Structure formats: C-alpha cells, structure tokens
Amino acid sequence: MTFQNELINWYLINKRDLPWRHTKDSYTIWLSEIILQQTRVEQGLPYFNTFLENFPSVSDFASATEAQVLNLWQGLGYYSRGRNMHATAQLVVNNYNGTFPTLHDDLIKLKGIGEYTAAAISSFSSGEARAVVDGNVFRVLARYFGINTAINTPEGKKQFFKLANELLFREDSALYNQAIMEFGAIQCKPKSPKCSICPLNIDCFAYRNNVVNQLPVKLAKAEKKNRYFNYFILTEGDKILVRERKKRDIWQHLYDFPCIETEMLLDGNDLDFVESVKNIFGNNAEITFVSYKKHLLTHQIINVQFFSLKNYIFNSSKHEELNWVSLNTLDELPKPNVIRNFIEENF
DNA sequence: AACTCGGGGTA
DNA sequence: TACCCAGAGTT
C-alpha cells in the first residue's frame, strides 16, 4: 500500500473527534488554525470554543475592540496572533464583504496567515490541492523517508515543502492533510513514538535503521537570555497603578505594573536600585519586597520581583503609559500570566 | 538568515 | 531540564 493510503487508513481508525473537523466554513477553520499555531490541540480547544461563542461570524469578530479580543486570548501566548486576527477580520469585512476567503492566494495576503495556514484553510474549506507543512509533517517525513536536512534552514524547508506537495493525495487534500498531521501528533510523536504498533514501520527509514530519536534534525537555537523585571505595586484607595506595554517587546498591548528592568537580580536594598526608584517615586518612598517568580518563556527567562511602595510621590502626567485603575477594571484588562497569577494571590 | 513573539505538556 | 507544539512577522 502507498504511504498516502496507509496514512489515511490509520487516520480513519484513530482520529480524534475535533469540532473544527465538522465544518468547511473558512471563518471557523481560520479561528482554529490561528489558535493552534505553535499550540497543542488540548490547550487551544477551550479557546476555540470561547472565540466561536463570542464571535459566531467574522463580522462579530470585526466589531469587537482589540482589548476584547486580547482579553479572550489571555493565557494562550503569542498575543500578536490575536491582534493580527482582529485586523484580518476587519479587512475581510471591508474588502471581502464579510465572506472569509477560501483560496490560498487570497489567504496568504492576510495578516497572521503564512504558508502553513493558507494551505490548511484552503484545503479544508475548498479542497484546494495544497500540502500543509507543520511540525508534525516535518517529523513524519524526516523519519519515514530518512531526511537529515535540518528543518529550520531555508534548504530544509524547501526540500520538505517540495516532498510534501509531491506526496499530497490530490483527490482529497483535506483528508490527507488531516491524516498526516494527526499521525504526527498522536502516533509518530516527538518523544516515545509508538513505532512497534505503527502500520507504517515496515517501510519507515528511521525505524529500520534505528534512528527514530535522531530525526528530524534541527539546528541548535540561541541560548535563552535572563531578564530581570522589578515591578512596583502602588495602591491609592481601591485604585492601583498599571502600565500598558506599548513598546515592541514581549506582551505588547497587555498590561502589567510600573517596572524597572535591571541587568541582574537585585535586592530591595541595592543602592543604585533604591536611587533609581526614588528618582521616579520620591525620596521618601519605602520599598518592601513582596515576592519573586521565575517565568519561563521560549527565548527568555523572566526573573520577576514584586515590591510594594509606600510614601511615594508620583506625577502621572510625566508617565503617560501609567494609569490608575480600580481593581474591578484591572480584572478586565488583558494581562500576561505572571501578572494575572500575582493578582490572584495578592488581591 | 537569524530573531522574536508565550505558555504548557512530556519524558 | 530540554524539547516541542496544526508558525508568522520583523530585521
């Protein structure tokens, strides 16, 4: 049997029942595909349901504010996905009369939609013959065909993309694309793949040559950098001082607290640190250490310290990114998880 | 072509 | 701890 037929047979028996597989509506499929970028199905599923419930159509999505969208996106990470979705929803309403595109060449022009997502939406919604190449596909092809070109290089991407499109089962691209991704996700897994019970193991290069755990090849990435965020908790009655993150950095357009970033981990008594705090919050400011948290991201290690501040003097007109909000309002603002957890534990 | 963008599951 | 996840945008 061919590689393609083996995959499809395996899929028809072993597939999970996932809501976005019951529709050909390109808007619904778009929602699922953006949410699932670099995100496990189990993690994205509740977000998919929430978004579909809040925004049943693309015009509902377009009518929302960006803050509403980011609020629903809280905790899912890669927040530019939410912002790009909002912009794309508005563009679809304005330029496509509210009908979400289904063709690859239209989709690829939209914000947040790259080669993978354009192939996925077009094949799932209109049956267009475009092969998806995601992390699952890289792994399945590298192992089965014994390809040791690094997948995170331009040559690797080109080679895998070419092979994927040659292999595509054009009579039903949607079925084949679903099959190869599902196979990678639950059978040909990154760690502990179920090779001994795999229906494709007879012709699998990696299995026959005992190199399953050496494929796919990926070039080492840059070392994680440590960063040190020192947050200050200022309260005034039932108000608290928050900062909107406007710069191009992590958590753009989310909210946290006034912050001094330092080059290393400092304690609240460090002289230079106290000096810079008093420069902003007045000479009488009293700094009290509250808690420390190590927050791990893919490319950074954020060392977060929280300090409470008393006897401060603060001129808000000098800091337009800082604003007093009530605790109720704070609940409704989109925040990174480390901030949300701190509020949960302290307020 | 290299960096940057989160958060969580897995072994 | 290290790796990976239905990748995309920027420089």
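Letters A, B, ... are given to chains in the order of the sequence lines, protein chains preceding strands, and every chain is numbered from 1. Since the structure is predicted, the reported quantities are computational estimates derived from the model, not experimental observations. Atom set for the values below is all heavy atoms of this structure, side chains included, hydrogens, waters and symmetry mates excluded.
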Find the distance A:Ile34:CD1 to C:dC5:P and express it as a whole number of Å. 18 Å
Interatomic distance, A:Asn226 CG vs C:dT1 C1' [rounded to whole Å]: 14 Å
Rounded to whole angstroms, how far apart are CZ on A:Arg83 and P on C:dT10? 10 Å
Return the value, rounded to whole Å, for the distance between atom CG of A:Asn213 and atom P of C:dC3. 13 Å
Tell me whether the side-chain N/O atoms of A:Arg248 come closer than 4.0 Å to OP1 or OP2 in C:dT11. yes
Measure from CG on A:Leu31 to P on C:dA6 and round the result to the nearest Å. 18 Å
Short side-chain N/O contact from A:Gln38 to OP1 or OP2 of C:dG7, under 4.0 Å: yes
Under 3.5 Å donor-acceptor pairs involving side-chain atoms of residues 172-191 of chain A, not counting sequence neighbours:
from, atom 1, to, atom 2, distance (Å)
A:Asp172, OD1, A:Leu175, N, 3.1
A:Ser173, OG, A:Gly127, O, 3.3
A:Ser173, OG, A:Glu128, O, 2.8
A:Asn177, OD1, A:Val132, N, 3.2
A:Asn177, ND2, A:Ser123, OG, 3.0
A:Asn177, ND2, A:Arg130, O, 2.9
A:Asn177, ND2, A:Ser173, O, 3.3
A:Gln178, OE1, A:Arg21, NE, 3.1
A:Glu182, OE1, A:Arg16, NE, 3.3
A:Glu182, OE1, A:Arg16, NH2, 2.7
A:Glu182, OE1, A:Arg21, NH2, 2.9
A:Glu182, OE2, A:Arg16, N, 2.9
A:Glu182, OE2, A:Arg16, NE, 2.9
A:Glu182, OE2, A:Arg21, NH1, 3.4
A:Gln187, OE1, A:Trp10, NE1, 3.4
A:Gln187, NE2, A:Lys194, O, 2.8

Sidechain N-carboxylate O distance under 4.0 Å for A:Glu344, A:Arg340: no
For the pair made of CG in A:Leu45 and C1' in C:dC5, what is the distance, rounded to whole Å? 15 Å
Boundaries of the chain A footprint along DNA chain B (any atom under 4.0 Å from a heavy atom): B:dA1 to B:dA11
Provide, to the nearest angstrom, the distance between the CD atom belonging to A:Glu33 and the C1' atom belonging to C:dC5. 13 Å
Ring pair (Phe, Tyr, Trp, His ring centres under 6.0 Å) contacts touching residues 125-157 of chain A (sequence neighbours left out): A:Phe3-A:Tyr144, A:Phe3-A:Phe145, A:Phe138-A:Phe160
